[in-house]
Amino acid sequence: MTRSHFGIAAALMACLTLTACSSDKVSEGAPSPVGAPAASGAGEVQPFRDDTDVPLTKQLTRGELTQAIPDAKDVVPGYYPGSLHKRTPGDPDDCSRQDGSASAGWQQAGRGDYDYQGSTSSRGIQLKVCQFDNAAHAKTAYDQWLEKEGWTPVEVSSRVGEESAFLTHSETGTVDAYSRSGTVIARVRVDDASADPTDAHDVLAATFKRLQQVQAGRRATATAAEIAAIERTRR
């Protein structure tokens with residue numbers, strides 16, 4: 001090969017190298033096409049759909065579960081600010097049908113208790129959230145919760161989670177609201193509710209939306225007032 005041939009080959013190699021490097025830089029710095037999913041990796045925020053149908057499948061940390069329990073300002077109006085007593089991981093009997101041992105697969109629980117201001121009766125709200133190791137165990141515990149005597153089903157505007165049920169006590173007017181989504185079940189009890197499930201529904205739906213927010217790596221911000229506004233637009 002002559003010297004001129006060597007010179008041409010070297011020039012070609014340099015050109016190819018520069019082209020490859022330039023291509024790599026463009027691909028690394030170029031934004032993803034509109035609508036393309038972001039690359040997933042450690043610490044990446046997960047997709048979040050703004051409804052309560054998204055199954056809860058991630059095992060939450062204690063901090064995440066605590067954050068998902070609404071504060072008093074996040075439930076329906078009229079409850080004392082700061083009246084919430086959060087308890088995490090909670091007790092096994094928070095997740096059983098009756099006081100006693102936890103249902104199979106129980107992992108952790110969170111609880112919120114809210115006091116109503118200006119009420120001469122005990123119109124409090126109690127919230128229990130329980131997570132299990134899999135959806136089958138959560139389903140079993142949810143079904144056991146519904147085995148109640150003296151309670152009557154009541155209709156609500158929309159379902160919460162993958163399945164939900166709303167019951168009212170025939171004598172006291174207390175409302176119990178139950179829901180399950182993936183590995184999580186929750187119960188909201190509103191005392192002295194005059195058999196009206198509205199507040200129970202809104203607190204339950206807000207709780208599940210908050211759980212979905214923390215599952216997606218976001219801050220828990222949903223409130224019962226936001227749920228009430230959405231329900232009004234559906235009527």
Side-chain angles (χ1 to χ4, degrees), residues 48 51-76 79 83-115 124-146 148 159-167 175-191 197 199-224 226-227:
F48 174 68
D51 60 55
T52 62
D53 291 333
V54 181
L56 294 164
T57 56
K58 175 188 174 184
Q59 287 295 316
L60 303 174
T61 65
R62 291 186 181 184
E64 289 171 333
L65 185 59
T66 301
Q67 185 188 158
I69 302 295
D71 206 339
K73 63 182 176 58
D74 302 320
V75 298
V76 293
Y79 284 79
S83 67
L84 166 64
H85 309 285
K86 290 183 179 178
R87 185 174 60 183
T88 301
D91 297 326
D93 60 6
D94 285 338
C95 306
S96 58
R97 183 167 54 121
Q98 297 176 340
D99 291 347
S101 59
S103 301
W106 178 82
Q107 298 294 298
Q108 60 178 335
R111 178 171 179 156
D113 296 289
Y114 312 85
D115 300 325
I125 292 179
Q126 300 103 44
L127 167 66
K128 295 180 180 180
V129 179
C130 306
Q131 185 161 45
F132 293 81
D133 56 356
N134 59 53
H137 282 144
K139 169 67 173 171
T140 299
Y142 172 81
D143 290 341
Q144 289 175 347
W145 258 357
L146 298 182
K148 300 165 67 77
R159 188 190 70 208
V160 177
E162 294 183 83
E163 54 185 332
S164 59
F166 295 80
L167 308 175
V175 172
D176 275 5
Y178 301 89
S179 183
R180 182 191 67 83
S181 176
T183 61
V184 174
I185 63 174
R187 190 203 78 180
V188 173
R189 169 169 289 179
V190 181
D191 297 323
D199 289 351
H201 171 275
D202 295 348
V203 173
L204 187 65
T207 301
F208 271 92
K209 187 169 288 190
R210 292 170 70 91
L211 287 162
Q212 288 155 356
Q213 287 172 331
V214 297
Q215 174 176 258
R218 290 165 165 77
R219 292 179 64 86
T221 60
T223 68
E226 293 172 354
I227 299 297

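In what follows, residues are counted from 1 in the order of the sequence shown. Here the structure is a predicted model, which is why all the values come from computation and not from measurement. When reading the values below, keep in mind they use all heavy atoms of this one structure, side chains included, and skip hydrogens, waters and symmetry mates.
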Output, in order, the C-alpha distance, side-chain angles, deciding distance and verdict of side-chain contact (heavy atoms from CB on, under 4.5 Å) for V175 and H201. CA-CA 10 Å; V175 172; H201 171 275; over 6 Å; no
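- Salt-bridge check for K209 with E226: failed, with every basic side-chain N at 4.0 Å or more from each acidic carboxylate O.
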Residues L56, Q212; criterion side-chain contact (heavy atoms from CB on, under 4.5 Å); working and verdict: CA-CA 7 Å; L56 294 164; Q212 288 155 356; 3.7 Å; yes
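- With Q213 contributing its side chain and T221 its backbone, the two residues share a donor-acceptor pair below 3.5 Å.
- Nearest heavy-atom pair across V75 and P70 is CG1-CB, 4.1 Å.
- To the nearest 0.5 Å, the span separating CG on L127 from CD1 on I69 amounts to 4.5 Å.
- The heavy-atom pair separating T57 from Q215 by the smallest distance is N-OE1, 2.8 Å.
- Smallest separation of non-hydrogen atoms from V160 and S179: O-OG, 2.7 Å.
- Side chain of R159 to backbone of G161: a donor-acceptor contact under 3.5 angstrom is found.
- When all heavy atoms of A224 and V76 are compared, the pair lying nearest together is CB-N, 3.9 Å.
- T61 contributes a side-chain N or O that, together with a main-chain N or O of E64, makes up a donor-acceptor pair within less than 3.5 Å.
- When all heavy atoms are compared, the tightest approach of W145 to D94 is CZ2-O, 3.3 Å.
- Here the side chain of R180 pairs a donor or acceptor atom with the backbone of G182 at under 3.5 angstrom.
- From D202, atom CG reaches atom OG1 of T223 across 9.5 Å, with rounding to the nearest 0.5 Å.
- Formation of a donor-acceptor pair under 3.5 Å by the Q131 side chain with backbone atoms of Q107 is not found in this model.
- Rounded to the nearest 0.5 Å, atoms CG (L167) and CZ (R189) are 10.0 Å apart.
- T183 contributes no side-chain N or O that, together with a main-chain N or O of K58, makes up a donor-acceptor pair within less than 3.5 Å.
- Q59 places a side-chain N or O within donor-acceptor distance of the main-chain N or O of F132, the cut-off being under 3.5 Å.
- A side chain to side chain donor-acceptor pair (under 3.5 Å) with Y178 holds for exactly one of K148, R187, K128; it is K148.
- Of the possible polar contacts, one joining the R210 side chain to the A68 backbone as a donor-acceptor pair under 3.5 Å is found.
- Here the shortest heavy-atom pairing between L204 and F166 reads CD2-CZ, 4.2 Å.
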Just distance, no hydrogens or angles: give the donor-acceptor pairs under 3.5 Å from side chains in residues 136-143, sequence neighbours left out.
residue: H137; atom: ND1; partner: D133; partner atom: OD1; Å: 2.7
residue: H137; atom: ND1; partner: N134; partner atom: ND2; Å: 3.4
residue: K139; atom: NZ; partner: D143; partner atom: OD1; Å: 3.4
residue: K139; atom: NZ; partner: E163; partner atom: OE1; Å: 2.9
residue: K139; atom: NZ; partner: E163; partner atom: OE2; Å: 3.3
residue: T140; atom: OG1; partner: A136; partner atom: O; Å: 3.1
residue: Y142; atom: OH; partner: S164; partner atom: N; Å: 3.4
residue: Y142; atom: OH; partner: A165; partner atom: N; Å: 3.4

